[in-house]
Structures are given as structure tokens and as C-alpha cells.
There are 4 protein chains.
Amino acid sequence: MQAPTDTKPRWERRKDARPQELLASALELFVDRGFAATRLEDVARAAGVSKGTLYLYFENKQELFKAVVRETIVQTIGQAESDAAAAEGMSSCELLRQMLRRWWTQVGATKAAGLTKLMMAESGNFPELAQFYNEEVIERGSALLTGILERGVARGEFRPVDPVMMTNVLIAPVMTLMMWKHSFFPCETHDTIDADAFMDTFLGLVQQGLAPQKNP
Amino acid sequence: MQAPTDTKPRWERRKDARPQELLASALELFVDRGFAATRLEDVARAAGVSKGTLYLYFENKQELFKAVVRETIVQTIGQAESDAAAAEGMSSCELLRQMLRRWWTQVGATKAAGLTKLMMAESGNFPELAQFYNEEVIERGSALLTGILERGVARGEFRPVDPVMMTNVLIAPVMTLMMWKHSFFPCETHDTIDADAFMDTFLGLVQQGLAPQKNP
Amino acid sequence: MQAPTDTKPRWERRKDARPQELLASALELFVDRGFAATRLEDVARAAGVSKGTLYLYFENKQELFKAVVRETIVQTIGQAESDAAAAEGMSSCELLRQMLRRWWTQVGATKAAGLTKLMMAESGNFPELAQFYNEEVIERGSALLTGILERGVARGEFRPVDPVMMTNVLIAPVMTLMMWKHSFFPCETHDTIDADAFMDTFLGLVQQGLAPQKNP
Amino acid sequence: MQAPTDTKPRWERRKDARPQELLASALELFVDRGFAATRLEDVARAAGVSKGTLYLYFENKQELFKAVVRETIVQTIGQAESDAAAAEGMSSCELLRQMLRRWWTQVGATKAAGLTKLMMAESGNFPELAQFYNEEVIERGSALLTGILERGVARGEFRPVDPVMMTNVLIAPVMTLMMWKHSFFPCETHDTIDADAFMDTFLGLVQQGLAPQKNP
DNA sequence: CATGAATGAGGCTTCATTCAT
DNA sequence: CATGAATGAAGCCTCATTCAT
């Protein structure tokens with residue numbers, strides 16, 4: 001786990017990079033075409049290796065996919081959890097905005113968003129992947145937002161809402177935007193939607209919609 | 001040999017019913033498994049016919065899918081367009097709420113919602129279907145909501161917003177909810193989300209979020 | 001066998017015409033697409049009847065084909081045989097030219113030529129058809145020409161040649177021209193070849209090539 | 001493990017040989033059954049491999065067919081073109097006879113002749129193959145003969161004829177003979193025709209038929 | 001470690017033939 | 001006689017996975 005300086009010969013360091021290159025290619029292709037429609041041969045070729053090499057690093061197609069999710073979304077969630085825990089002083093509204101924005105910039109605006117789209121679509125055909133994604137991504141991500149809402153309501157910063165339900169409402173637009181961005185709809189759709197403007201509109205709605213009623 | 005009211009022989013009535021039976025089976029399976037993963041043989045068997053029979057009624061898999069969409073979503077949009085055009089007297093807020101609720105009850109809460117999920121996921125792999133869906137569903141549905149928003153802003157019932165952008169924001173939660181409902185995520189998720197409560201929460205947000213500022 | 005005046009009601013006379021209409025459609029389609037590639041449904045539709053009706057008149061696809069050949073080529077050969085037998089006084093060279101020309105005008109230049117092309121190509125896949133065609137068409141046609149050659153050699157009108165072998169040589173260009181005419185080769189080929197000019201060129205070659213050497 | 005002279009492992013040499021083995025099997029079966037009636041699984045099995053292996057070497061059925069034609073007929077035409085260009089000193093009559101004979105021995109008498117038969121029969125159903133064959137075989141082969149005829153007429157070795165038309169006449173018997181040989185007609189036909197005798201008869205006809213008139 | 005040839009199950013589509021009406 | 005819906009075998013092509021080298 002700790003390579004002191006780098007005693008390995010160069011070609012062996014190349015070997016160590018292989019999994020990363022494969023994961024990058026796999027992410028790209030899974031996002032473009034979905035899980036079932038992605039051919040492992042294309043993943044291998046995009047990474048510059050042969051088809052068989054994939055099986056040296058990943059047991060099969062599903063394990064490859066899990067590894068891609070771990071490298072991207074799961075990692076990001078871990079960071080967000082840490083940061084949220086360390087933001088005691090921040091206002092709940094600001095923290096919530098920050099988390100939603102961060103979710104957008106680090107996941108939604110990147111290729112990783114395609115993985116979410118993909119899971120929504122294909123989880124039914126691959127129960128093992130569904131369970132993995134649910135445990136590692138959905139539950140952890142939801143818990144993070146729900147915690148912030150609870151905090152805000154408790155502190156009187158938000159009007160009283162059901163935190164779990166509101167979490168789902170908050171998640172919704174971002175998820176949809178992610179899927180929108182990664183769906184191939186020709187013509188206007190793609191150009192019409194400006195993600196940043198969308199987020200501004202959405203966050204404005206959140207701020208006004210969650211604000212406690214000033215006078216009863 | 002003599003059917004009192006229906007003059008057609010039983011066998012011919014069967015033929016008239018076949019397309020509907022096939023469309024029902026196809027809807028079920030497309031929604032469950034997606035477009036690519038649905039096998040036509042399964043659709044046929046579910047309708048109680050053989051593989052070849054499908055091709056007597058639908059040219060190929062893509063045409064079958066289009067027929068399913070026409071029979072469900074496209075038809076519903078047509079009705080909504082008519083009703084909206086006939087609701088001159090209604091307040092824009094009420095009309096908007098009605099349309100969103102109706103979208104949920106007639107599409108979102110039915111199997112048809114799965115078609116939306118499916119298109120988001122697989123349109124990239126089937127450009128012809130993407131174009132069809134875009135023209136027949138997305139553009140028509142969006143235009144309907146945008147029109148109501150424009151009306152509301154013009155009448156001073158809504159605060160000034162960009163109608164096209166806000167249409168996308170309004171669409172988002174319902175779409176996400178539809179996909180959520182039709183994604184196979186085991187364990188808690190499915191039970192947690194109560195669609196009606198979600199819609200109430202959402203519509204409340206809309207009403208408060210779109211209300212014109214009372215000039216403080 | 002002898003319908004005195006025509007006592008049948010009109011719709012029944014129509015029924016008698018059915019086989020002819022089917023044979024006409026079948027000829028057209030067999031010639032266009034070959035035996036295997038012709039769909040019986042297309043034959044039926046072209047004749048304005050349903051698929052099942054075909055089976056009332058012809059046991060199966062192969063019997064339909066045989067009937068087409070009988071209606072066209074076999075009939076023509078029968079006439080030629082009669083006429084040749086009755087042409088005792090004519091010079092062998094003239095008789096030969098006449099037969100070859102007639103072969104061209106009554107078979108080669110008509111759709112029936114396509115049947116010859118078809119048999120050459122597909123007889124291997126349909127041995128029963130091959131045998132039928134060989135007996136009814138090839139052997140009878142060859143015998144006719146061979147007889148004329150023998151007559152010409154015997155009378156000193158032709159130089160001494162092997163009549164059977166020369167029959168094959170004479171047959172060859174016409175058969176090839178028939179196939180040429182019924183093969184879909186784009187661009188120049190089709191326009192370049194003028195069948196009549198071809199036959200003139202060919203018959204000139206025959207006349208000079210078969211003529212007895214004047215001086216040893 | 002150590003192959004003395006050939007440094008490649010046996011397994012890799014196998015790969016190099018595969019396309020040739022597949023082309024040989026394909027030639028055999030295409031010639032026997034035609035293009036449409038040949039099943040790729042049979043081609044594969046005849047070469048001792050599985051169905052899928054074919055697709056490692058040839059994109060699809062049509063490309064396999066093109067490869068077969070290139071490996072046989074197209075190659076032969078190329079050689080003939082070179083040799084004809086290098087035969088300046090030879091008499092036109094001799095050169096023509098040589099080319100026709102060679103066409104027979106290197107194509108007509110081999111399995112490749114079946115490809116010609118096949119194209120005549122099925123080109124209408126496969127336009128892409130028709131175009132390929134027309135460009136690569138028919139036009140090049142015709143041009144070769146036409147050139148020789150033009151040369152002979154110009155030098156006074158042949159009587160004046162239309163070179164293009166006469167090319168078609170010359171082609172005809174050989175083509176027909178090729179098709180004859182590769183058509184499955186049972187009984188006498190096959191035994192009756194002796195190709196060499198046919199060619200002798202034909203070439204005799206050509207020589208006498210093209211000779212300039214001795215001015216009577 | 002790496003290769004890439006080979007496999008074979010599986011899915012879409014076609015069409016001759018049957019048969020209930 | 002006539003219909004046309006229904007069948008099911010068969011063919012083309014794809015791709016995850018294996019394994020000899």
C-alpha cells in the first residue's frame with residue numbers, strides 16, 4: 001500500500017496504471033451506451049489493450065462496472081460526508097445549497113452523471129448491480145441531505161417539512177437534469193437547457209420554498 | 001355460428017383484438033426490461049401467440065415500440081391539449097396544478113411512465129426512436145406547460161419567470177418520480193416514496209415558489 | 001372439356017380464369033427474383049387473391065413453378081417441333097436460322113427467358129425441378145436442333161460437324177443472351193447489348209462458320 | 001513449443017491460414033448452392049470452425065463473397081491483363097485464342113466458374129454484389145477482349161467487326177459452358193458435353209468466322 | 001502478465017404451409 | 001371455393017467469456 005519512493009521498473013509502473021486506464025475507458029463507454037449495450041471489446045480497445053486483459057483485472061462485466069462506480073461517485077460521496085460533518089458553523093440553507101451545487105459540479109456535470117442515468121434504466125435487469133448501487137450511492141447520498149434538512153428544521157432555519165420526503169424532492173431536479181444531459185435528444189432540447197441557469201432557478205425555488213413563513 | 005349482436009365470427013374478432021393484446025404485453029415487458037433487453041418472443045408468448053404473429057401486426061421491434069407509445073402517452077397528451085385549450089376561465093395556477101396532477105395520474109402512475117424512463121436511458125442507442133419520442137412527446141408536452149406559464153405571467157398570476165426554463169424545472173420532479181417508481185431498487189427506497197405525498201409536497205413548492213411577490 | 005356456349009354464371013367463369021392469373025403473376029415474379037427468393041404471398045397479391053387460394057390450385061411452390069414452365073416454354077417447343085417436321089422443303093441453313101430466331105422471339109425475348117436463367121442457377125438446390133426441366137425442355141429442344149444439323153450435314157448443306165456438339169455451341173449464345181437480358185447489371189451493360197444486333201452477328205457467324213469449304 | 005524453421009507458434013500460424021481455409025469452403029458452397037442458399041454455418045463447419053469465427057475474418061456474408069471473387073476471378077484477370085500487354089509480337093488471332101483458352105482453363109474449368117453462374121442468377125437480388133462484380137470482373141474482362149479485337153482489325157488480321165459487340169458474342173459460349181458445367185442437370189447432359197471438344201469447336205468457329213474475306 | 005482466436009448461446013426477422021371459418 | 005391468421009423452423013449476426021500460447 002505504501003510504495004516508498006518508486007523502486008519498480010518503468011514497465012511495471014505502466015502495469016499498475018492499467019486498471020485506471022481501463023476504468024476511464026469503461027466509464028466513457030458505459031455512460032455513452034449503457035451497461036448492456038457496451039461491448040467489452042470496445043472498452044479494451046479504447047484503453048489500448050486486448051479483450052482478454054480486461055479479465056485479468058476484473059472478474060467480469062459487472063465487477064468492472066462496480067469498480068467504475070467506486071472510483072467516481074462513491075469516492076465523491078465520501079468527501080461530501082466529511083465536509084458536511086465539518087461544517088457545523090455554516091447556515092443550513094447555505095450548506096444545503098453547497099451540497100446540491102457540489103453534487104452538480106462533481107457528479108452531475110461530469111461523465112459520472114451518466115452512471116446514475118444508467119442505473120435508473122438498467123437496474124431492473126441486473127439486480128446485483130442495483131443492490132450495490134443502492135447501498136453505496138443512494139442510501140448514503142440521501143442520508144446526507146436528510147441530515148442537513150433535519151438540522152435546518154431543528155434550528156428553525158427551514159419551515160417544518162418531512163426531511164425524508166423533501167430529500168427526494170430536492171434530489172429529483174438534479175437527477176433529471178443529469179439524465180437530460182446524458183440523453184441523446186436531437187435538435188433543440190440539448191441546446192435549450194443551460195445547466196447553470198437551471199441550477200440557479202432551482203436553488204432560488206428551494207430558498208424561497210423552504211423559508212419559514214414570516215408572519216402567520 | 002350466429003353471434004347475436006356481433007356479426008363477425010369469433011375468429012375475426014380475435015384478429016381485431018390481437019393488436020391490443022400485443023400492445024399490452026409489449027408495454028408490460030418494455031417497461032420491465034427496457035427496449036433492447038425485451039425479447040419479442042417473450043412479448044408474443046405473453047400475449048399467447050407465436051413469435052411470427054407479431055410480425056403480422058408490427059413491422060419490427062421499433063415499430064412495435066412506437067405503437068405502444070402512441071397508444072399510451074401520445075393519446076394522453078392529445079386529450080390534455082384539448083382540455084387546456086377549453087379551460088379559458090380557470091386560474092393559471094389551478095390549470096397548471098391540474099395538468100401536473102393529470103400527468104402524474106394518467107402517465108406517471110401507470111405503466112406508461114416506464115416508457116419515459118426507457119427513452120431517457122436508451123434513446124442514444126436508437127436514434128430513430130429518439131427522434132420519434134422527441135417530436136411526439138417531449139416537444140408537445142413541453143409546449144403545453146410553457147403555454148400555461150406564459151398565460152399566468154401575462155395575467156399577473158405568476159411572478160415573471162422564463163417560461164421555457166421553468167417548464168423544464170416543473171417537468172423534472174415528475175419525470176424523476178416516474179423513473180424512481182419504475183426502477184428496481186430493492187429494500188427501502190420503493191416503500192419510502194409515496195407518490196401522492198410527493199406530488200403534494202411538489203405542488204406546494206410550486207404554488208409558493210411561483211406566487212408573485214406581494215411587494216414588501 | 002367442351003363448354004358449348006357458356007352456360008356458367010359470370011362469377012364462375014371468373015373462377016376458371018384464376019389459374020391463368022396466378023400463372024401470370026408467378027411467371028413475372030419467378031423471373032424477377034428467382035425461385036427461392038419469390039414469396040408466394042407476393043404471387044398471390046399480384047394476382048389479387050389470398051395466399052391460401054394458391055394452394056387450392058397448386059399443391060406447393062414447386063408444382064406452381066412446373067405449371068408456369070408448361071404454360072410457356074414447353075408449349076412453344078411443341079409448336080416448333082411440329083413446324084420443323086412440316087418444313088421438308090426448306091434449306092437446312094434457313095430452317096436452322098428460323099428456329100434460332102424463333103427461339104429468341106418466342107422465348108428469349110419474353111419473360112420466359114428468365115425461367116431458363118433461373119433453372120441454370122437454382123436447379124442444384126431443387127433436384128425435382130431440375131429433372132422436370134431437363135426432360136421437358138432441354139432434351140426436347142436439343143433434339144430439335146440436332147436433327148436439323150444432321151439433316152444439313154447429310155444433304156451437304158453444312159460442312160461435316162458433330163451435330164450434338166454443335167447443337168450445344170449454337171444453343172450457347174442464345175442462352176447467354178437470355179441470361180444477360182435478365183440479369184441486373186447496372187450501367188452500360190444493359191444498354192450496350194442490343195439483342196437483335198447480337199442475333200444478326202451470331203447468325204452471320206453461324207452461316208459462314210458452317211458453310212462447307214468451297215475449294216479443298 | 002519450438003518450431004525449428006517457422007518461428008510463429010502453431011496457433012498463430014493457424015490464424016494466418018484461416019482466411020484461406022474459409023475462402024476455400026465458401027467457394028465450394030457458394031458454387032454448389034448459390035449465394036442466398038448457402039448457410040454461413042455450413043461454410044464454417046466445412047472449414048472446421050464455429051459460426052462466429054467467420055465474423056472474425058469477414059464482416060458479413062456479402063463481404064465473404066466479394067473476398068472469394070477477389071481471390072479467384074479478379075486475380076486471374078489481373079494476370080491476363082499483364083500477359084496481354086506483354087504479347088506485342090503475337091498474332092491477334094493467336095492472342096485471342098490464348099485468352100479464351102486461358103479463361104476456360106483458369107476460370108471456366110475450375111470452381112470459380114460457378115461464381116459467374118451465381119452472379120448471373122442472383123445479382124438482381126443483391127445489387128451491391130452486382131455492382132462489385134460488374135466493376136471488378138465484367139468491365140475489366142470485356143475491355144481485355146475488346147482491346148484484342150480492335151488490335152486485330154486495325155492490323156488487318158480480322159475482318160471489320162464491331163469490337164464491343166463481337167466481344168459479347170465471344171464471351172457468350174464460354175459463359176454458357178461455365179454455367180452448363182455448374183448446373184445440376186441429371187442424366188445425360190453432364191456427360192455429353194466435353195468442355196475441351198466444345199472449346200475446339202468454338203475456337204474453330206471463331207477463327208473461320210473472323211478471318212478477313214479473301215476478296216472473291 | 002498479455003494476447004486475441006475461438007466459441008456458442010441467443011435475439012431479430014422471414015416465409016412456406018396449414019386450417020378454422 | 002376462398003380467406004388470412006397463425007405457426008415454427010431456419011438463417012444472419014452479436015458478444016461475453018475462455019484458454020492455448
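Every chain is numbered from 1 and lettered A, B, ... according to where its sequence line falls, protein lines coming before strand lines. Since the model is a prediction, treat every value here as computed from it, not as a measurement.
One finds a side-chain N or O of A/Lys61 lying less than 4.0 angstrom from the OP1 or OP2 phosphate oxygen of F/dA16. Contact between the side-chain N/O atoms of A/Thr53 and the OP1/OP2 oxygens of E/dA2 is not found at any separation under 4.0 Å. Note on C/Tyr57: a side-chain N or O is less than 4.0 Å away from OP1 or OP2 of F/dA2.
F/dC15 atom P lies 13 Å from atom OH of A/Tyr55, rounded to whole Å. If you take CD of C/Gln62 and C1' of E/dA16, they are 12 Å apart, rounded to a whole angstrom. Atom P of nucleotide F/dT7 and atom CD of C/Glu41 are separated by 16 Å, given to the nearest angstrom. With rounding to whole Å, B/Leu54 atom CG is found 10 Å from E/dC12 atom P. Distance, A/Leu64 CG to F/dT17 C1': 14 Å, rounded to whole Å. Here F/dC12 presents its P atom at 16 Å from CD of D/Glu63, a figure rounded to the nearest Å. Rounded to an integer number of Å, the gap from C/Arg33 CZ to E/dA16 P is 11 Å. To the nearest angstrom, C1' of F/dT3 lies 14 Å from CG of C/Leu22.
In this structure, the side chain of A/Thr53 does not engage the main chain of A/Val49 through any donor-acceptor pair within 3.5 Å. In this structure, the side chain of A/Lys111 does not engage the main chain of A/Ala24 through any donor-acceptor pair within 3.5 Å. Although no hydrogens or angles enter the test, the distance criterion places no donor-acceptor pair under 3.5 Å between the side chain of C/Glu128 and the main chain of C/Gln62.
Looking at heavy atoms from C-beta onward, C/Val31 lies out of side-chain contact with C/Leu118 at the 4.5 angstrom threshold. The shortest side-chain heavy-atom distance between C/Phe65 and C/Thr38 does not fall under the 4.5 Å cut-off. Side chains of B/Leu27 and B/Leu23 form no contact here, defined as non-hydrogen atoms less than 4.5 Å apart.
Set against F/dA10, F/dC13, E/dT7, the side chain of D/Val49 has E/dT7 as its closest nucleotide. Nearest nucleotide to the side chain of D/Leu40, out of F/dT3, F/dC13, E/dC1: F/dC13. Candidate nucleotides F/dC13, E/dA5, F/dT3 were compared by shortest atom distance to the side chain of C/Ser50, and F/dT3 ranks first.
For the pair D/Ala36 and A/Asn60, nearest-nucleotide mapping onto DNA chain F gives the more 5' position to D/Ala36. Map C/Gly52 and A/Leu56 each onto its nearest nucleotide of DNA chain E; the residue landing nearer the 5' end is A/Leu56.
At a cut-off of 3.5 angstrom, the base of E/dG10 holds at least one donor-acceptor pair with the side chain of D/Lys51.
Across the P atoms, F/dT21 and E/dC1 are found 23 Å apart, a figure rounded to whole Å.
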Check: So B/Glu136 and B/Lys66, salt bridge (Lys or Arg N to Asp or Glu O under 4.0 Å) or not? Walk me through it.
Finding: CA-CA 10 Å; B/Glu136 298 291 322; B/Lys66 289 184 190 173; over 6 Å; no
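Aromatic ring orientation, C/Phe30 versus C/Phe35: parallel (interplanar angle below 30°, classes split at 30° and 60°).
DNA chain E contains the following stems of three or more consecutive Watson-Crick or G-U pairs, with both distances under 3.5 Å: E:2-21 with F:2-21.
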